[in-house]
Amino acid sequence: MRIGVLGTGNMADALATHWVRAGHEVIIGGRDAHKAERLATRIGGSSKPASLRAAAESGQVVLAALPFGAGTDVARDLHAALEGKVLLDCSNPVGPGFRLLTEGGPSAAQQLAAAAPAAHVVKAFNLCHEDVWRMRPPVFDGRPLAVPVCGDDETALACVRELVRDVGCEAVAGGGLERAGLLEATAALFIALWVGEGADAQAIAPPLAYAAGPSHQEVQSPTLLIPAPARGSRAGNPRRRPGGSPEGSDRR
């Protein structure tokens, strides 16, 4: 696969390195030709330096590894070169105080899509620090890191899922591009927990088996089962609603 990279920063370095090792042809595009050349040299393999426009024109997939705002400006300038391409957005619109800069408006990914309307924008790789993406591979307690992916075009999503696997991770369907803002808000929350509070963001969610609460079998002990009362008797357990509370009980 031919991959154009817009940007020469840490995310460009981390992801492009994996993709070159996986055998993809990577073009590093930058405003500063010297920075693009230095990054391409450091990555080695099939990577080559180029201008932003040349990287956009050459790639089947184009990674916008640019800060929020700058990516939209570049995409607008290169919209013709991005026509029909998969445009991969990994940016996070997070400002001082861990504030979500897009709150109340379109997400960063949607703004990118508006700037390059003929491209197929996919949101991914935005939930972790760049050094996590440098890991070979990002595996924790024997489990590969899961990467939510949001987009509207199935062919574009398939390309990005392949690139996720090439990083050593597992792609998770995140829904259409309209849900990309949820990924960006999640990043703002996680960064605030990790950096602002020193808290383990992973600890805020239960395991999948408990996502809807413990199962009936897990919470009901056989020794506590009471036989059904005889007809007309008021003894025994009250009838229960589907939600689990006795009929007539006050749940306020």
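No salt bridge links E37 with R42; every basic N to acidic carboxylate O contact stays at or beyond 4.0 Å. A salt bridge is defined here as a Lys NZ or Arg NE, NH1 or NH2 lying under 4.0 Å from an Asp or Glu carboxylate O, and D13 with R134 meets this definition.
Across A16 and V5, no two heavy atoms sit closer than the pair CB-CG2, 4.3 Å. Scanning both residues, C150 and G176, for their nearest heavy atoms gives CB-O, 3.6 Å. In terms of heavy atoms, V167 sits closest to P137 at O-CB, 3.9 Å. Among all heavy-atom pairs drawn from A116 and A75, the shortest one is CB-O, 4.1 Å. Counting all heavy atoms, side chain and backbone alike, C90 lies closest to N126 at O-CB, 3.6 Å. Heavy-atom minimum distance, V164 versus A171: CG1-N, 3.6 Å.
The backbone N or O of R136 sits nowhere less than 3.5 Å from a side-chain atom of H18 that would complete a donor-acceptor pair. Side-chain atoms of H24 never come within 3.5 Å of backbone atoms of V26 as a donor-acceptor pair (strictly under, hydrogens ignored). With K85 contributing its side chain and A118 its backbone, the two residues share no donor-acceptor pair below 3.5 Å. Looking only at distances, no side-chain donor or acceptor of W19 sits under 3.5 Å from a matching main-chain atom of E25. In this structure, E162 contributes its side chain and C159 its backbone to no donor-acceptor pair below 3.5 Å. Side chain of R76 to backbone of A115: no donor-acceptor contact under 3.5 angstrom is found. Listed for the S107 side chain is a donor-acceptor partner under 3.5 Å among the backbone atoms of Q110. In this structure, the side chain of Q60 engages the main chain of R2 through a donor-acceptor pair within 3.5 Å. With N92 contributing its side chain and L127 its backbone, the two residues share no donor-acceptor pair below 3.5 Å.
V122 is listed as a side-chain neighbour of V86, based on a closest heavy-atom distance under 4.5 Å. The closest side-chain heavy-atom distance from F98 to E197 is not below 4.5 Å. Side-chain contact between W133 and L145: present, with at least one pair of heavy atoms (C-beta onward) separated by less than 4.5 Å.
Residue L208 qualifies as open at atom CG: its count of foreign heavy atoms under 6.0 Å is 12 or below. Heavy-atom neighbours of Q202 CD from other residues, nucleotides or ligands within 6.0 Å: at or below the threshold of 12.
Taking OG1 of T102 as the start and CD of Q111 as the end, the distance is 7.0 Å to the nearest 0.5 Å. One finds the SG atom of C128 at 8.5 Å from the CE atom of M11 (value rounded to the nearest 0.5 Å). The CZ atom of F125 sits 12.0 Å away from the CG atom of D89 when rounded to the nearest 0.5 Å. Rounding to the nearest 0.5 Å gives a distance of 11.0 Å between CG of D166 and CG of L15. Atoms NE2 and CZ, on H34 and R38 in that order, are 8.0 Å from each other to the nearest 0.5 Å. Distance CG/N10 to CD/E130: 4.0 Å, rounded to 0.5 Å.
Hydrophobic cluster membership for V121: L6, L52, V62, L66, V74, L78, L82, L87, L112, L177 (Ile, Leu, Val, Met, Phe, Trp, Tyr linked by side-chain heavy atoms under 4.5 Å, directly or transitively).
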Just do the salt bridge (charged side-chain N to carboxylate O under 4.0 Å, His left out) check on E184 and K123 with the steps written out, would you? CA-CA 9 Å; E184 296 166 8; K123 187 82 182 187; 2.9 Å; yes

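Between the side chains of H120 and D152, no donor N or O sits under 3.5 Å from an acceptor N or O.
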